[in-house]
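When a ligand or atom number is given, it counts from 1 through the structure's own listing order. Heavy-atom basis, side chains included; hydrogens, waters and symmetry copies ignored.
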Amino acid sequence: MSKRLNSSLIRLCDLLSDGQWHDGNALGDALSLSRSGVWKGIKKLQQYEVPIHVKRGKGYQLTEPLWLLNPEIIKSDLTIPCECDVFESIPSTNDFLREIHDATFPRLCFAEEQVKGKGRLGRDWYSPFGKNIYMSCSYVFHKDMSELAGLSLVVSLAILEALTRFGIKDELLAKWPNDILYQGKKLAGTLIEIQAESNGATKVIVGVGLNVNLMPYHVTNEIDQEWTSVREITGKMVNRNELAVMLVESLFHYLQRFNVQGFSTLRKDWLEASQYLGKTIEFKNANLSVIGKVVDVNEQGHLVIEHDGKTGAYSAGDTTIIK
Ligand code: BTN
């Protein structure tokens with residue numbers, strides 16, 4: 001079941017994010033809610049496993065700030081106007097946009113929690129409440145499907161640009177086709193779903209999962225690979241609204257360029273920004289596995305690997321860095 005994020009919960013969390021004790025009556029006055037309305041919000045946060053102290057006579061206190069995503073801030077800070085839905089909880093932001101058949105593009109969807117977050121290759125994407133960015137964007141390209149191979153690389157470029165503007169400059173790597181790694185640990189991933197084609201146009205859902213405030217103590221065994229988060233890297237809790245706007249702005253910029261110019265003009269940018277050239281990797285898909293050195297990415301976005309004295313271009317698969 002999907003639930004939209006309501007403004008009272010956003011304001012309640014904003015007030016509690018100073019880390020002080022807040023009495024239920026004072027919160028009620030500030031939010032124009034009854035005491036039971038405040039309690040409902042607190043109970044909801046507890047259901048989402050947000051650590052919150054509750055004490056008779058003192059009220060409520062968050063153990064760490066929780067600035068929820070705010071659709072008003074996101075919409076007003078974006079330079080390109082677009083529809084933007086923000087959910088408290090949803091199965092998957094990609095699935096939500098897939099089911100919308102109106103003609104407004106681009107269109108965005110964010111969620112505070114995904115209960116069926118999807119990763120590539122049938123994996124799950126761990127999406128706990130209030131921690132990270134789970135975002136999807138639907139976009140129409142004036143291209144046919146065969147021209148979209150470079151799209152995941154272009155989305156990686158957009159994520160790298162946003163992270164760099166946010167202050168994370170070194171040690172980032174874009175692993176072909178879709179991962180963003182920091183010091184070899186996964187920071188973000190992209191799931192691209194091609195939905196429909198008609199009259200030379202293709203509708204695509206671009207889903208991005210970016211680990212923002214997630215810390216190792218929030219995770220037990222839900223993630224089966226080495227990972228990191230913006231908070232772990234910078235040592236600071238992040239207000240995700242600002243980062244979300246940077247991410248969307250970069251994404252729109254690169255999607256627009258890709259739509260007009262295709263991958264060939266972005267190929268060099270990817271090679272430079274990805275830091276992937278020269279790495280020894282294993283390429284795998286359902287039919288083959290190749291170990292070799294990355295020597296290029298071609299104009300279609302296929303990975304060019306040197307192995308066993310020859311060079312080959314590979315697509316539709318996944319890679320693991322060996323060294
Ligand atoms: C991967 O690295 O395997 C891709 C992860 C993509 C996760 C994002 S989160 C927002 C969007 N909705 C989903 O269900 N998946 C993508």
Are the charged groups of Asp224 and Arg123 less than 4.0 angstrom apart, N to O?
-> no
Below 3.5 angstrom, do we get any N/O pair linking Arg123 and ligand 1?
-> no
Going by the atom numbers of ligand 1, which of them fall below 4.0 Å from some non-hydrogen atom of Gly117?
-> 14 (O)
Contact atoms of ligand 1, heavy-atom distance to Asn178 under 4.0 Å = 1 (C), 2 (O), 4 (C)
Parallel, tilted or perpendicular, as decided by the 30° and 60° cut-offs, for the rings of Phe283 and Tyr314 = tilted
Could you tell me whether some N/O pair between Lys116 and ligand 1 is separated by less than 3.5 angstrom?
-> no
shortest atom 3 (O) of ligand 1-to-protein heavy-atom contact is with Arg120 N, 2.7 Å
May I ask you to say whether Glu249 pairs ionically with Arg165, meaning some side-chain N is under 4.0 Å from a carboxylate O?
-> no
Would you say Lys118 and ligand 1 have an N/O pair spaced under 3.5 Å apart?
-> yes
Answer yes if the ring centres of Phe258 and Phe141 are under 6.0 angstrom apart, and no otherwise.
-> yes
Give the residue, atom name and distance (to 0.1 Å) of the protein heavy atom nearest atom 5 (C) of ligand 1.
-> Trp125 CE3, 3.4 Å
Please write down residue, atom name and distance for the protein heavy atom closest to atom 2 (O) of ligand 1.
-> Lys186 NZ, 2.6 Å
Under 4.0 Å from a heavy atom of Thr93: give me the atoms of ligand 1 that qualify, with their elements.
-> 10 (C), 11 (C), 12 (N)
How about Phe87 and Phe110: are their ring centres within less than 6.0 Å of each other?
-> no
Within 6.0 angstrom of Lys284 NZ, more than 12 heavy atoms from elsewhere | no
Asp95 and ligand 1 - part of the residue with a heavy-atom distance under 4.0 Å = neither
Can you sort out which atoms of ligand 1 are near Ser92, meaning under 4.0 Å from one of its heavy atoms?
-> 12 (N), 13 (C), 14 (O)
Using heavy atoms and a threshold below 4.0 Å, how should the contact between Met135 and ligand 1 be classified: side chain, backbone, both, or neither?
-> backbone
For atom 13 (C) of ligand 1, grab the closest protein heavy atom and report residue, atom and distance to one decimal in Å.
-> Gln114 OE1, 3.4 Å
Should His53 and Trp21 count as side-chain neighbours, where that means a heavy-atom distance under 4.5 Å?
-> yes
Any salt bridge between Glu112 and Lys3, counting N to O under 4.0 Å?
-> no
Rounding to 0.5 Å, atoms CZ (Phe263) and NE2 (His302) come to a distance of 10.0 Å
